[in-house]
Amino acid sequence: MALDGDLPRPLDWLNPGSQLVRPSAPRAEAPARRVHLPILQTKATAQPASHRPTQPPLAGPLAAAYTRLRRSPLGKLLRKSKPRPGSGLPARRSIVLLRWARRASQAFFLFLFLWLLTQTAFRGSFSASSGTPVRLPFPVEGFLLADPFVALITVLSSFELYAGLAWSLGIVLLTLLVGRAFCGWICPFGTLHHFLSYLWPAPSGRGSRRVTANHTKSWQTWKYYGLFGLLGAAAAGSVIGGWFDPICILVRGVGLGLLPVLQYLGIRGLERVSASDSLALQQGSDSALDFLSTHVWTSEQAHFHQTWLILITFFAIVWANRMIPRFFCRALCPLGALLGVLSRFAPFGMEKDHAKCTDCNLCLTHCQGADSPQGGVKHQKHECHVCLNCEVACPEDVIKFRFFPGLRSTKAEPDLSRRTAILGAAAGAALVPAGRVANWPDKAYSAKVIRPPGSLEEREFLERCIRCSECMKVCPNNALHPAFLEAGPEGVWTPILIPRIGYCEHSCVLCGQVCPTGAIQKIEEKHKLGQGVPPVRLGTAMFDRGRCLPWAMATPCTVCEEFCPTSPKAIWVEEVWVPKRGAVSRAGVDAAPEQVKVKRPHVDPTLCIGCGACEKVCPVVDQPAVYVTSAGESRSKTNVILLEDSAYADVPVSPG
Amino acid sequence: MAGRRTSTAPDPEAEAPTIDPALVHLRPGRREILRQTLTTTLLAGASLALGGALYRPPGFEHHPSTSERQVRDFRVAPGPRPTVAIAKSSLDPAELTRRAISGLGGIERFVSRGDIVAIKPNIGWDRTPAQAANTNPRVVAEVVRLCLQAGAHRVVVTDASCNEARRSFQRSGIWRAAHEAGAEVILPAEHRFREMRLAGELLDHWPVYKPLIEADKLINVPIAKHHNLSAYTGAMKNWYGVLGGRRNRLHQNIHLSVADLATFMRPSLTVLDATRVLVRNGPQGGNLSDARDLNQVIAGTDEVAIDAYGASLIGVDATRVGYLLLGQARGLGRIDARDVVEV
């Protein structure tokens, strides 16, 4: 067959976005082609018989309900596929199987991700002895460790491939072999977009409009320029790429947003049920709450400071799927862009027989990457998610995925302007000093930027913290929260401790365990407790004597001292006699002031570790009478108060 | 309705263009008028009825406190036996526990066949057994075993911790020890608290930890410790663990709060762990040098007498502990109880 004669003019090839209007000649040829494929043809002609309209399996109202269900969005899962149009050639069996394997893989990795996210909490165990160190049993941060974009930005900023991030090499190798299969087969955020854009497209995003939406668009290059900008910022010392990384967005959106929202609704709903008079309903809802609190969420309602912005961002990204399928993956995802660049030399790819294409556009209806699978234009390999939908859909034997495909119909690298790319990287790099001029970490210490225990010094911290929120999710006391502007514009969504909401548990090191990049180091209990080494300090507690009950109101309290976890306690009390106003009646003060003995609390700054337990339990709730600020944090050499913190030198070491 | 929308395609046979019937002003039929009237009437009536049912007049409602004092009484009938039994001089906490309880007449006096027994140890802190801030897990496990031997249907071990609960349960060793002894260990969670009237002198409405009050028998298994504010903590103050909510306010009048709680919760049996006690830096400790080995377990039915003895163990004069005096004044027990035996 004279292939070259059927190919479009070269001019159109350079414009991948254009849908070529093909002459009708190949369509007229179609019947003649069937002669060459007698076996396939018999199958194809036999096809319509098996697709005769079948009677609904049930009669009466049940049948009506079944019909309604089939017409609903969820009914897509029940509908049978339509007869293949055109020549009706069936897809290769291996490709059909591979597509099912892809679907299974997507479901598996999405559930694995969600399961790991729900396990990002210390559940405890009845079989652990009292000496067992408290750690999570699973690598809950696994998806972040395998994320090459996270690995690359932290390597650029810190010149190290930190520990578990070496797993990302696996995804790099996969991409070098088969292209962006991660996006189509593994990425849980991609799967979410894939499923939602399939299930609930907007009316304006169906039918022929969906085909149009799936054409390659010029704005798909945004993500590459974004990638260069984020790499530039990383090279300048700040991994703000975490704002856009798909795994980070998903952990933040689901872990800090969706899951607490579901928890709120679940607890509220089930407690309503539990308040009923029926014993069975009470027991049922109680068991449901028990299960949910021990397996899905935690025993207390989770709160996250400032989550509204995270949730709005998350839902906006998800909502975009209604109009443009996988808008985030196509236009914004920096990880997808990185894998797109890596996929260039992958030996696996698509081969097209343009001559056979009848422009039926079936390949485009379910195209994920908007990578031009249709005939007449070059396949954009760097956009392709290797989902294989196009080959399965093609009734004309045009598309073939294989190793070492003919490259004439493939375009492997994105259409980028070198000048814009360099400018993008430079702009990204310039963002960092711009942000730091406004908020210089060494000059304007924020009292509220209390970093998790084991955090690196602020600059090194910002070189590594990808704002994935794993530490906030795992914190057993709900003490860590995404910052808004407390840590400057560049510190948005980095973790800060808000002791008013929760304090840092004395022997807990879980945030360091789950941190994928080492922004929070994997410290051990002895570093927290100060056994043989100086303890990690987050800041220092201060008393507001105008609000403290014993100081200002002659009322006993000292809950702060009770909760102070160090030994000897950093909060100490002096017993003093203070005047207390006499009994008061309508007539005025009836009695002379009486002398009462109260214990007035003080902080010993040489012993205080800034855990915030005192602030958490202070009964002056709204603006506590004792509060922790970052001053004296052991990670900083300059944000210090005392000349020397030598008080620990003579404290005896105690185990456990 | 369906008949109104017909094709607007021009009829080839008609000479003049026809008017779209959908544009012709048609009056609804009698049937439709009736249906519409009925619907409107029903909706109006339903709105008024719903509004009336949900109506609340303006004003600030105040529920005056009732004077009736609430009590969760799990006590068993008093016998001729002593009210307090002290077991000493053994290095095995389990044996001490057994001896102390048998000194009172055995566990069968307190637990009947088929009972649901709730055991309330002190699991307040993220501390290991050697740090002596929580009840010794072997004492708890022995009480569980005795209850099951006495034929208890279910034994629940739980507490509403001060530090993070799962960590406190695991690191105190009580989770494992109680589970291995056959108890059901319940971890505190938000939904396990219920707002209740305590109607005490000081404490009125508080969230109460349900697993501790939904039982047939209740056994208090505290540890004797130093306490920074109340000087000593043991059996009576252990009932802080039955409350949820903002317990940090209780310290403003710690003695009256403790007395109120001990009046509200009357356990079947109290087993005070004094195998190893905190003598300073209480109630958390944190340092091994804060604790002393005493190797004693005290069982009894009089919380005041038990605490008076426990206080003496850490060098605190019971007659100077406010809540013990209040407890005695309320008739919860006697500081100078006479029927104390050493077994």
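First the proteins, then the strands, lettered A, B, ... as listed; each starts at 1. Since this is a predicted model, take the numbers as computed values, not measurements.
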Part of B:P188 lying under 4.5 Å from any heavy atom of chain A: backbone
Atom of B:Q170, atom of A:S125 and distance for their closest heavy-atom approach: OE1-N, 3.1 Å
Chain B interface, residue from A:C557, A:C564, A:S507, A:S127 that has the most non-hydrogen pairs under 4.5 Å: A:S507
Atom pair CG/NE2 of A:L292 and B:H191 - distance to nearest 0.5 Å: 9.0 Å
Polar side-chain atom of B:E164 near backbone of A:E505 as donor-acceptor pair, under 3.5 Å: no
Closest heavy-atom pair and its distance - B:L229, A:K599: CA-NZ, 3.9 Å
Chain B contact via A:S285 - side chain, backbone, both or neither, heavy atoms under 4.5 Å: neither
Contact origin within B:N163 toward chain A - heavy atom pairs under 4.5 Å: both
Closest-packed option against chain B by number of heavy-atom pairs under 4.5 Å, given A:E562, A:K616, A:E271: A:E562
Contact class of A:K569 relative to chain B, heavy atoms under 4.5 angstrom: both
From CG (A:D290) to CG (B:L187), nearest 0.5 Å: 10.0 Å
Closest non-hydrogen atom pair, B:P129 against A:S130: CD-OG, 3.4 Å
Minimum heavy-atom distance between B:D290 and A:S567, given as atom pair plus value: OD2-OG, 3.0 Å
Reported SG-to-CG distance for the pair A:C614 and B:N248, which is rounded to 0.5 angstrom: 12.5 Å
Region of A:P550 that comes under 4.5 Å of a non-hydrogen atom in chain B: neither
Euclidean distance, B:R171 CZ relative to A:E525 CD, rounded to 0.5 Å: 6.5 Å
Crowding at NZ, A:K526 (>12 non-hydrogen neighbours, <6.0 Å): no
Non-hydrogen atoms of A:T558 and B:N228 that approach each other most closely: O-ND2, 3.6 Å
Under 4.5 Å from a heavy atom of chain A, the part of B:R192 involved: side chain
Top contributor to chain B contacts, counting heavy-atom pairs under 4.5 Å, from A:V617, A:L289, A:L270: A:L289
Side-chain donor or acceptor of B:R246 paired with backbone N/O of A:P619 under 3.5 Å: yes
Flag, side chain of B:R166 to backbone of A:R123, donor-acceptor distance under 3.5 Å: yes
Shortest non-hydrogen contact from A:Q301 toward B:E190: N-OE1, 2.6 Å
B:Q252 (side chain) donor-acceptor with A:T555 (main chain) under 3.5 angstrom: no
Value rounded to 0.5 Å, distance of CZ in A:F563 from CD in B:Q284: 7.0 Å
Heavy-atom proximity to chain A below 4.5 Å, by part of B:H179: side chain
